[in-house]
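Notes follow the structure.
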Amino acid sequence: MKKIILSYILFFVCFSVIKAEDGHQLWLRFDKIQNTENFFSGIISSNEFVANEFQQSWKKMSGFNLHKKNKLSDNVLVIGTIKDRLIKSLGLEKALKPLGKEGYLIKTIRKKNQNYTVVAGNSAAGELYGMYHLLRLLQTNEFSYNLNISELPTYAHRLLNHWDNLDRTVERGYAGYSIWKWDELPATVSPLYQEYARANASIGINGTVLNNVNASPLILTKEYLEKVRVIAAELRPFNLKVYLSINFSSPKELGGLADSDPLNPDVQKWWKEKAKDIYNLIPDFGGFLVKANSEGLPGPMDYGRTHVDGANMIADAVKPYGGIVMWRAFVYDPDGDDRAKQAYREFKPFDGKFRDNVIIQLKNGPVDFQPREPFSPLFGAMEKTPIMAELQITQEYLGFSNHIAYLAPMWKECLDSDTYAKGAGSTVAKTTDGSIFPQKITAIAGVANIGEDRNWCGNHFAQANWYAYGRLAWDYNLTSEEIAEEWIKMTFTKEENFLKPVKELLLSSRESVVKYMMPMGLHHLFAWGHHYGPEPWCDVPGARPDWLPKYYHNANEVGLGFDRTTEGSNAVSQYNSPLKEQFNDIKTCPENLLLWFHHVPWNYKMKSGKSMWDELCYTYDSGVQEVRKYQKVWDKMEKYVDKERFKHIQSRLKIQSKDAVWWKDACLLYFQQFSQMPIPYDIERPIWDLEELMQIKLDMKHHN
Ligand code: GCW
């Protein structure tokens with residue numbers, strides 16, 4: 001009897017563990033769908049891997065496997081490539097031609113009173129992506145017998161960048177330790193690798209840089225490369241290529257050479273041999289990502305050389321194998337008068353000088369992933385050198401994994417910005433996708449928000465950002481709303497009463513963060529020890545000025561903001577006309593970037609008729625009120641969500657709500673010392689004293 005009771009208990013414990021909703025499945029939940037017996041009569045596919053991937057998910061949605069068939073019949077599903085006779089015989093060759101290596105068609109073909117659903121690509125990669133698209137249609141109730149879809153990606157290389165260290169800490173990571181278990185590799189292979197690869201493949205991501213740009217030379221040792229080889233093998237079936245970040249000093253540090261000077265023949269030879277070793281192990285290795293002469297890292301300038309010398313040397317080493325070099329333009333030095341100008345100043349003169357397998361990787365804004373920045377003026381400024389955007393998925397400056405901030409609108413704001421490089425319509429997206437400048441390589445990168453946490457991203461809603469990044473990298477013309485809707489339907493529910501309010505919440509969430517953290521073009525008001533809370537007052541004796549908030553906000557009795565006009569740092573002149581004139585004139589400068597470009601008097605009259613100070617106060621307050629509203633919206637969602645995820649989001653919103661007040665009070669009380677104006681009486685009063693706020697010190701060891 002005892003035994004029986006025990007096994008009952010065990011059963012219930014196990015059962016509840018299995019049932020507990022931890023979010024690990026991401027958007028690949030494949031909840032049951034209705035009437036599936038009428039969808040497909042069977043499956044024809046010559047690609048076993050793709051067919052299995054489909055069957056696995058199909059079975060979750062329908063409860064059964066599709067019969068394998070070898071002849072066309074009514075309602076059959078065909079997945080194949082142009083090499084398959086059947087696909088050819090269906091007359092799809094012409095339609096497939098323009099879709100390249102990774103594009104695909106999903107079509108309902110009607111013949112002799114029969115319907116076939118056909119997923120076809122030019123290669124296995126196309127088949128794979130098409131199959132995931134079909135699954136998405138099924139998951140979102142969009143499947144029909146009237147399909148005519150044709151897709152190809154906007155960027156050839158769609159990468160995640162992991163800032164993961166070899167000790168498994170993650171720089172700016174808020175979801176636990178790194179998923180790469182270096183200590184147990186190559187012998188032990190975690191199932192996470194394939195799950196990760198599947199998630200990426202399902203949204204079209206085709207490359208991943210495994211290690212931090214602040215790279216340890218050790219990654220290039222034989223020992224680590226062997227581990228990398230194993231990871232690459234796990235990711236390969238999912239069309240996910242592996243890349244590595246390298247430390248520019250590796251020849252000296254690892255190879256024992258006297259230096260790492262790019263013009264030293266021994267150094268060049270070292271890189272060539274290293275590339276050869278890597279490609280021997282990993283024939284489809286993608287290439288290198290390099291952070292050089294940035295934030296104290298070594299680089300060619302240590303030897304009086306240039307970015308061109310450094311990048312070309314490494315490019316030559318990987319060229320024979322088809323590898324690429326992504327050379328970062330995240331540079332700023334303490335002596336410059338305006339950090340925002342540096343990337344343009346340092347890189348523009350090199351236009352046309354890089355090898356054809358080099359691409360310049362540039363952060364979306366000119367400073368550093370702030371909640372709102374204008375786009376970096378280097379986009380569109382190099383006509384003969386390909387540039388790729390680096391976006392940040394991890395929320396280093398947007399509340400870590402505590403705050404809800406759906407980032408698609410932020411990324412689209414950058415990609416849709418008009419650079420006027422070749423007249424109106426030269427958006428950042430078009431200056432990087434090959435449609436305006438002829439470029440051999442097109443790419444985009446997102447700094448991952450992934451860690452070992454069961455829910456991958458530290459916050460269930462942060463999964464939406466991984467998802468949205470992949471979808472936009474594939475097709476930047478998708479709207480933030482379309483992406484949010486797909487994600488909610490697959491991750492939570494298709495129930496309209498959930499979908500509508502949660503979608504609205506997501507869509508406005510990033511703007512709310514801007515409002516309670518740094519509205520109207522304010523930037524970098526973060527604490528010294530972490531990039532989480534506010535410290536506009538921060539002063540660290542001897543610190544680099546460009547690491548202090550005062551450098552950016554310039555609050556004084558006159559006003560607030562960074563004068564980047566022709567009278568100030570003149571950063572405006574790095575933009576093309578008519579933007580430079582628009583930004584330069586306080587009357588035409590967009591108000592959401594006003595304090596980025598101007599030092600504005602406290603009583604300056606805004607378009608609303610309010611003084612700048614009042615507008616600032618109202619904006620901060622509206623940020624707080626919006627988060628409160630999100631709490632109300634979410635609490636009403638309880639009946640549509642499992643308990644675990646409901647509680648998780650609810651608790652995060654509580655933190656966000658408190659933090660929003662913290663930000664508002666800290667910034668307003670601090671700036672008030674300069675404005676000497678009252679906080680408008682109809683908004684919520686501060687609940688903190690400035691002195692109290694100035695005492696707050698967070699213990700954030702790995703989180704600064
Ligand atoms: O934003 C800064 C981050 C650093 C990061 C750096 C970079 C990886 O605070 O943590 O280093 O940018 O992008 O290189």
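Every number for a ligand or one of its atoms is a count from 1 in the order of the listing.
If you look at Y397 next to ligand 1, the close heavy atoms, those under 4.0 Å, all belong to the side chain. With a 4.0 Å heavy-atom cut-off, ligand 1 is reached by the side chain of V213 but not by its N, CA, C or O.
Any N or O atom pair closer than 3.5 Å counts here, and R328 shares at least one such pair with ligand 1. Looking at ligand 1, you won't find any N or O of S294 less than 3.5 Å from one of its N or O atoms. Considering backbone and side-chain N/O of N212, none are found under 3.5 Å from N/O of ligand 1. Residue-to-ligand polar distances place E171 within reach of ligand 1: an N/O pair is separated by less than 3.5 Å.
Tested against H531 for a side-chain hydrogen bond (donor to acceptor under 3.5 Å, both in side chains), the candidates H524, Q370, E396 yield a single pass: E396.
A heavy-atom separation below 4.0 Å is not found between F369 and ligand 1.
Nearest residue to atom 13 (O) of ligand 1 from K363, H524, K291 is K363 (criterion: closest heavy atom). Closest heavy-atom approach to atom 2 (C) of ligand 1 among the candidates T394, D368, V447: D368.
Taking OH of Y344 as the start and OG of S573 as the end, the distance is 9.0 Å to the nearest 0.5 Å.
In summary, the side chains of Y476 and T427 do not present any donor paired with an acceptor at a separation below 3.5 Å, with no hydrogens or angles considered. No hydrogens or angles considered: a donor-acceptor pair under 3.5 Å links the side chains of E295 and Y332.
Of the possible donor and acceptor atoms, none in the side chain of K181 sits under 3.5 Å from a partner among the backbone N and O of S190. Listed for the H599 side chain is a donor-acceptor partner under 3.5 Å among the backbone atoms of G561. With hydrogens and angles ignored, the 3.5 Å screen pairs a side-chain donor or acceptor of Y469 with a backbone N or O of G446.
Listed by number with element, the atoms of ligand 1 under 4.0 Å from a non-hydrogen atom of F330 are 6 (C), 7 (C), 12 (O), 13 (O), 14 (O). Distances below 4.0 Å separate heavy atoms of H531 from the following atoms of ligand 1: 9 (O).
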Practice task
Take Y397 and F369, measure what ring pair (Phe, Tyr, Trp, His ring centres under 6.0 Å) needs, and give me the verdict at the end.
Solution key: CA-CA 7 Å; Y397 294 104; F369 295 141; 7.3 Å; no

